[in-house]
Amino acid sequence: MYDKKVEKVLITREQIEKRTDELAKRISEDYKGKRLIMICVLTGAMVFFADLIRKIDVPLEVDTIVASSYGSGTTTSGSVRISKDIKYDISGKSVILVEDIIDTGVTLKTLTKMLMTRAPESLRVCALLDKPSRRKVDFEGDYVGFSIPDEFVVGYGLDYAEQYRNLPEVCIYRPDGE
Ligand code: PRP
């Protein structure tokens with residue numbers, strides 16, 4: 001364990017590996033013969049993204065985007081700003097946006113709406129984690145790893161105050177834990 005605030009492992013390395021295999025297999029089947037661009041939503045998705053793309057066996061290109069949402073604490077103002085855009089022209093391409101977690105849904109709702117204005121052939125979302133009970137806007141991922149309860153999670157790319165991204169598992173975090 002990292003420290004006592006990291007209370008317990010919610011999703012093990014083995015579970016992540018198995019589910020990532022399944023998602024990659026589905027994506028490989030769905031995108032045969034397509035011109036696939038996979039976009040990593042930084043920073044949280046980077047670990048999942050790196051594992052996922054190496055399991056996909058159709059040709060693909062990778063790109064990254066950085067989005068910041070404005071709000072205080074656990075509330076969101078509903079405003080998302082793109083601080084680093086993608087480099088590719090996605091017009092006519094098949095695009096998958098890869099996220100670590102869908103929480104309120106505001107980030108992905110905003111990003112997908114913005115990217116759809118660039119006329120991709122298709123746009124889907126792959127997220128490792130989904131917290132449906134936290135949703136503030138209507139949004140569903142197309143490829144989802146695990147649906148999880150409303151617990152604060154860290155590890156495997158996810159942070160608390162920029163820490164814990166390097167934990168190999170998804171863990172429950174209690175900021176007031178000893
Ligand atoms: C997290 C996560 C998603 C977003 C999901 O990013 O990576 O992008 O929040 O939340 P939402 O569904 O409520 O919009 P965060 O802003 O923590 O940045 P990070 O990826 O750099 O950790």
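We use all heavy atoms of the structure for the numbers below, so side chains are in, but hydrogens, waters and symmetry mates are not. All of these numbers come straight from a predicted model, not from anything done at the bench.
A side-chain donor-acceptor contact under 3.5 Å links D3 and Y164. There is no side-chain donor-acceptor pair under 3.5 Å between K55 and T20.
For R35, the CZ atom sits in a loose shell: 12 or fewer heavy atoms of surrounding residues, nucleotides or ligands are nearer than 6.0 Å. No more than 12 heavy atoms of other residues, nucleotides or ligands shown are found within 6.0 angstrom of NZ on K18. The neighbour count for D150 CG, taken as heavy atoms of other residues, nucleotides or ligands under 6.0 Å away, is above 12.
Taking every heavy atom of both residues into account, D142 and R124 meet most closely at OD2-CA, 3.2 Å. Here the closest heavy-atom approach between residue M38 and residue F49 is recorded as O-CZ, 3.6 Å. The minimum heavy-atom distance linking Y156 with P168 is given by the pair CD1-O, 3.6 Å. The two residues L115 and P120 make their nearest non-hydrogen contact at O-CD, 3.4 Å. Nearest heavy atom pair, residue D100 against residue G44, reads OD2-CA, 3.2 Å. The shortest heavy-atom contact between E61 and Y88 is OE1-CZ, 3.5 Å.
Side-chain contact between I39 and T64 is absent, with no heavy-atom pair separated by less than 4.5 Å. Between P175 and Y160 the shortest side-chain heavy-atom distance falls below 4.5 Å. At a threshold of 4.5 Å between non-hydrogen side-chain atoms, the residues D30 and Y143 count as touching. Residues L36 and P59 form no side-chain contact, since every pair of their non-hydrogen atoms from C-beta on lies 4.5 Å or further apart. A 4.5 Å side-chain heavy-atom check between I65 and K84 finds every atom pair outside the cut-off. Counting heavy atoms from C-beta on, the side chains of L111 and L97 come closer than 4.5 Å. Residues T104 and V137 form no side-chain contact, since every pair of their non-hydrogen atoms from C-beta on lies 4.5 Å or further apart. Counting heavy atoms from C-beta on, the side chains of I102 and R135 come closer than 4.5 Å.
We find that D21 and R26 are not joined by a salt bridge, their nearest charged nitrogen and carboxylate oxygen being 4.0 Å or further apart. Using a cutoff of 4.0 Å between basic side-chain nitrogens and carboxylate oxygens, E169 and K8 are not scored as salt-bridged. Salt-bridge annotation for D103 and K136: absent, with no side-chain N of the basic residue lying under 4.0 Å from a carboxylate O of the acidic one. Salt bridge annotation for K93-E121: absent, with no cationic side-chain nitrogen under 4.0 angstrom from a carboxylate oxygen. Using a cutoff of 4.0 Å between basic side-chain nitrogens and carboxylate oxygens, R165 and D159 are scored as salt-bridged.
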| task | Under the side-chain contact (heavy atoms from CB on, under 4.5 Å) rule, what do I148 and D130 come out as? Steps first, then yes or no, please. | result | CA-CA 6 Å; I148 62 169; D130 187 10; over 6 Å; no
| Worked check of side-chain contact (heavy atoms from CB on, under 4.5 Å) between L158 and I101 | CA-CA 8 Å; L158 292 106; I101 188 163; 3.8 Å; yes
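Connection of V125 to V62 is not established within any shared hydrophobic cluster, with ILVMFWY side chains joined at heavy-atom distances below 4.5 Å, either directly or through further cluster members. The cluster map of Ile, Leu, Val, Met, Phe, Trp and Tyr, joined by side-chain heavy atoms under 4.5 Å apart, puts V153 and V98 in the same cluster. Side-chain heavy atoms closer than 4.5 Å link hydrophobic residues (I, L, V, M, F, W, Y) into clusters, and following such links, even through other members, never connects Y173 to L129.
Judged by distance alone, with hydrogens and angles left aside, the side-chain atoms of R19 form a donor-acceptor pair with the main-chain N or O of V144 at under 3.5 Å. Checking side-chain atoms of S28 against main-chain N and O of I56 turns up no donor-acceptor pair under 3.5 Å. Without hydrogens or angle criteria, K32 side chain to V58 main chain gives no donor-acceptor distance under 3.5 Å.
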